[in-house]
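Written out below as structure tokens is the structure these notes cover.
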Amino acid sequence: MRLLMALMLCVFALLVGCDQAMRQPITQIVTPTPGSLEKAQAAMERVNERRIEAHQKAEETGDFLTVFTISEDIFKEELDFRKELWVDLVEIYHQENLENTMLLEGLENLQDAFAEKLADGTLGMFYFEYISSFDEIIIEYLRLSFEFPKSSEEELLALFRQSMRDQRVVIIFP
């Protein structure tokens, strides 16, 4: 019986056809509103574009000392971060992963390379590369800030700490 009904409906549609509105192509495309993660990734992309510009300018002038202050300016202007907030995020990431020896080893290796570059005076040339290793944790903090826009920094840091405990972000160090 169901098969007969389905067959009748198909035959009816073939005989009658579609009305004019059904034959018109779709001209309006609806784009979804970006979620908190997509907004955070887009914000980080703007930061990285500015980092590239600053690095290129430093290469042109031969003055890599500017990248340290420019980096903080970029975070302030693009993300509305207070000075050294990203350092606090890295420290929370470290604290919440103390039992992960593999991660700690990678972090220590990165810090050793950082110290080596600092000692030989070439850190500025590699600074953006160094801090970009932490972009994923910055994106997580930004995601939380977009998801909970009325939260204070203190509340966001508590949410961020929980995200790190839940291992929402894992960094693979070079």
Side-chain angles (χ1 to χ4, degrees), residues 32-59 63-174:
T33 305
S36 56
L37 178 59
E38 291 82 9
K39 289 179 183 177
Q41 290 168 331
M44 205 63 220
E45 282 179 35
R46 290 190 305 274
V47 166
N48 283 320
E49 288 169 6
R50 300 252 330 255
R51 285 175 176 167
I52 290 168
E53 291 170 9
H55 187 81
Q56 288 171 342
K57 188 174 181 180
E59 278 184 330
D63 183 7
F64 285 95
L65 293 177
T66 60
V67 298
F68 303 110
T69 55
I70 289 171
S71 179
E72 290 295 332
D73 293 344
I74 292 170
F75 281 141
K76 175 66 180 154
E77 294 165 11
E78 294 296 331
L79 308 177
D80 200 27
F81 274 19
R82 68 170 164 76
K83 188 174 181 164
E84 297 186 3
L85 175 60
W86 76 273
V87 175
D88 293 344
L89 298 177
V90 171
E91 181 57 31
I92 291 170
Y93 180 77
H94 177 257
Q95 290 169 359
E96 296 305 324
N97 286 286
L98 288 174
E99 295 181 16
N100 185 336
T101 54
M102 192 169 147
L103 181 137
L104 291 179
E105 184 178 312
L107 183 58
E108 286 173 13
N109 290 341
L110 188 64
Q111 289 173 331
D112 289 346
F114 179 84
E116 184 181 306
K117 300 286 184 205
L118 183 62
D120 68 15
T122 61
L123 179 61
M125 291 182 220
F126 302 98
Y127 186 68
F128 288 132
E129 186 178 330
Y130 168 77
I131 64 173
S132 68
S133 299
F134 303 107
D135 285 358
E136 292 303 314
I137 63 174
I138 294 170
I139 288 171
E140 176 60 11
Y141 180 83
L142 290 171
R143 182 192 69 78
L144 292 166
S145 71
F146 287 122
E147 205 165 300
F148 304 99
K150 294 182 180 177
S151 297
S152 67
E153 181 182 302
E154 184 178 312
E155 293 166 326
L156 288 171
L157 287 173
L159 290 167
F160 177 79
R161 185 174 294 280
Q162 186 60 50
S163 283
M164 296 305 100
R165 277 188 208 120
D166 296 342
Q167 295 185 335
R168 283 193 53 96
V169 175
V170 176
I171 299 174
I172 307 300
F173 294 103

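Scope of the values below: all heavy atoms of this structure, side chains included, with no hydrogens, waters or symmetry mates. Computed from a prediction, not measured in an experiment: that's the story for all the values here.
A donor atom on one side chain and an acceptor atom on the other are found under 3.5 Å apart for Glu91 and Gln95.
Of the inter-residue distances, the one linking Gln41 atom CD with Met44 atom CE reads 11.0 Å to the nearest 0.5 angstrom. Here the OG atom belonging to Ser133 is positioned 9.5 Å from the CG atom belonging to Leu107, to the nearest 0.5 angstrom. In this structure, CG on Leu157 lies 10.5 Å from CD on Glu155, to the nearest 0.5 angstrom. The structure places OH of Tyr127 at 11.0 Å from OG of Ser132, a figure rounded to the nearest 0.5 Å. In this structure, CG on Leu103 lies 5.0 Å from CG on Asn97, to the nearest 0.5 angstrom. Taken to the nearest 0.5 Å, the CZ atom of Arg46 stands 12.5 Å off from the CD1 atom of Ile74.
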(request) Decide yes or no on side-chain contact (heavy atoms from CB on, under 4.5 Å) for Ile70 and Arg51, but give the supporting numbers first. (result) CA-CA 8 Å; Ile70 289 171; Arg51 285 175 176 167; over 6 Å; no

(message) I'd like to know whether Glu116 forms a side-chain contact (heavy atoms from CB on, under 4.5 Å) with Asp112, so could you lay out the CA-CA distance, the side-chain angles of the two residues, the decisive distance to 0.1 Å, and finally the verdict.
(response) CA-CA 6 Å; Glu116 184 181 306; Asp112 289 346; over 6 Å; no

(request) Carefully, step by step, assess Gln162 and Arg165 under the rule side-chain contact (heavy atoms from CB on, under 4.5 Å). (result) CA-CA 5 Å; Gln162 186 60 50; Arg165 277 188 208 120; 3.1 Å; yes

(message) What verdict does the side-chain contact (heavy atoms from CB on, under 4.5 Å) test give for Leu85 and Glu153, after you've listed the backbone C-alpha separation in whole Å, the side-chain angles of each residue and the deciding distance to 0.1 Å?
(response) CA-CA 10 Å; Leu85 175 60; Glu153 181 182 302; 3.9 Å; yes

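Judged by distance alone, the side chain of Glu38 and the main-chain N or O of Gly35 form a donor-acceptor pair under 3.5 Å. Checked by atom type and distance alone, the side chain of Ser71 never pairs as donor or acceptor with a backbone atom of Phe68 at under 3.5 Å. Counting only distance, with no hydrogens or angles, the side chain of Asp166 and the backbone of Arg168 share no donor-acceptor pair below 3.5 Å.
Between Leu142 and Lys39 the shortest side-chain heavy-atom distance does not fall below 4.5 Å. With a 4.5 Å cut-off on side-chain heavy atoms, His94 and Leu104 count as touching.
Contact detail for Glu72 and Lys83: the closest heavy-atom pair is OE1-CA, 3.5 Å. Taking both residues in full, the closest heavy atoms of Asp135 and Ile131 are given as OD1-O, 3.7 Å, listed atom of the first, atom of the second, then distance. The minimum heavy-atom distance between Val67 and Ala58, with the atom names listed, is CG1-CB, 4.0 Å. Scanning all heavy atoms of the two residues, the minimum distance from Phe126 to Thr122 falls at CD1-O, 3.2 Å. Across every non-hydrogen atom of Ile137 and Ile171, the tightest pair is CG2-CD1, 3.7 Å. Nearest heavy atom pair, residue Thr66 against residue Asp63, reads OG1-O, 3.2 Å.
Phe64 and His55 have tilted rings, their planes meeting at an angle from 30° to 60° on a 0 to 90° scale.
Each of Phe81, Phe134, Phe75, Trp86 was checked for a ring-ring contact (aromatic ring centres under 6.0 Å, His included) with Tyr141, and the lone residue meeting it is Phe81.
A salt bridge links Arg143 with Glu140: at least one charged nitrogen is closer than 4.0 Å to a carboxylate oxygen.
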